[in-house]
Amino acid sequence: MRAREVAGGGRAVEVSPERLAGWFERFAARHEGAATSELSADKVIVTAGDGARAEVEVGFGGLDLPEPVRREGLAVAELLEHASRPRRIALVLVRLGGHSVGVAENGRVVSSSTDRRQVHGRNKAGGWSQQRFARRREGQARQSLADAADTVARVLLPELGSVDAVVLGGDRQALDALRADRRLGGLFARAEPRVLPVAEPRRRVLDEAAESARAVEIVLFDR
């Protein structure tokens, strides 16, 4: 289970579908029981007896609920069922200088392509040398992103009809550059809103992202 701080004072944790029921039970036990469970198609909020809250933005199309419901106690059966469904997910991880893309089934990568291309850091020198360095860096950056777009098109576009979702990760500016590629419009149209915070894309990082993609992110607010 991974945790990170989020804006507004909350703490986000990733919980695998298999551990989700136990996580909510332990949350309730630590916080004087579960007072209420509020569920809508795209959000679940469990409020504990001491005022702590556990919130989930529901991905993968949301819950099959015709209207929001509010229940007493811990009652999140729809979320547990939704999270446990088997899924085939296309993964796109990109940062300036590297990318890793693939298809994962139930948290395991079944096909992939990973590559790196050198992009020099910024130069603090001045004058013509700095200008030449900047032009070279811009060229390297463009080529790196072009390579990433080509790989996404080659590896994932043929699979797009067989996947349940597209999950992105990495640097948002780099992802926006790929989003501008007309070939990838249909793929990005299916991307989940959540962008995974990943390190430099490598094959090992892709494996970790495959697990994170199916995990449920819970934002915990203490009282």
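Both backbone and side-chain heavy atoms feed into the values below; hydrogens, waters and symmetry mates do not. All residue numbers refer to positions in the sequence shown, counting from 1.
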key: Pairing of R4 and E217 as salt bridge, 4.0 angstrom limit   = yes
ask   = Under 3.5 Å, is there a donor-acceptor pair between the S16 and R214 side chains?
value = no
inquiry  = If the threshold is 4.0 Å, N to carboxylate O, is there a salt bridge linking E192 and R194?
reply    = no
request  = Would you check if V101 and L93 make a side-chain contact, meaning some heavy-atom pair closer than 4.5 Å?
outcome  = no
ask   = Does a salt bridge link E57 with K43, judged by any charged N lying under 4.0 Å from a carboxylate O?
value = yes
query = Is L178 close to L187 at the side-chain level, that is, under 4.5 Å between some pair of heavy atoms?
reply = no
key: Q173 atom CD, over 12 foreign heavy atoms within 6.0 Å   = no
Residue pairs fulfilling salt bridge (Lys or Arg N to Asp or Glu O under 4.0 Å) with at least one residue in residues 100-114, sequence neighbours excluded = R88-E105
query = Is there a side-chain contact between D207 and R203, using heavy atoms and a 4.5 Å cut-off?
reply = yes
message = Tell me if a side-chain donor or acceptor on S37 pairs with a main-chain N or O of V46 at a distance below 3.5 Å.
response = no
inquiry  = Is a donor from one side chain sitting under 3.5 angstrom from an acceptor on the other, for H99 and T114?
reply    = no
task = Mark yes when over 12 heavy atoms from residues, nucleotides or ligands other than R172 sit less than 6.0 Å from its CZ; otherwise mark no.
result = no
query = Considering only heavy atoms from C-beta outward, does the side chain of I218 approach that of L20 to under 4.5 Å?
reply = yes
ask   = Going only through I, L, V, M, F, W and Y residues with side-chain contacts under 4.5 Å, is there a path from V216 to I89?
value = no
ask   = Do S113 and R154 have a side chain donor and acceptor closer than 3.5 Å?
value = yes
message = Does any part of the side chain of E208, heavy atoms only, come nearer than 4.5 Å to the side chain of L196, both counted from C-beta?
response = no
query = Does L74 reach the side chain of E25, with side-chain heavy atoms less than 4.5 Å apart?
reply = yes
inquiry  = Would R179 and F188 count as a cation-pi pair here, with the cationic atom under 6.0 angstrom from the ring centre and within 45° of the axis?
reply    = no
ask   = Would you say R87 and V163 make side-chain contact, with heavy atoms under 4.5 Å?
value = no
task = Measure the acute angle between the ring planes of W23 and F27, then classify it against the limits of 30° and 60° as parallel, tilted or perpendicular.
result = parallel
key: Lys/Arg-Asp/Glu bridge criterion (N-O < 4.0 Å) met for E32, R30   = no
query = So do the side chains of V195 and L175 get within less than 4.5 Å of each other, counting heavy atoms only?
reply = yes
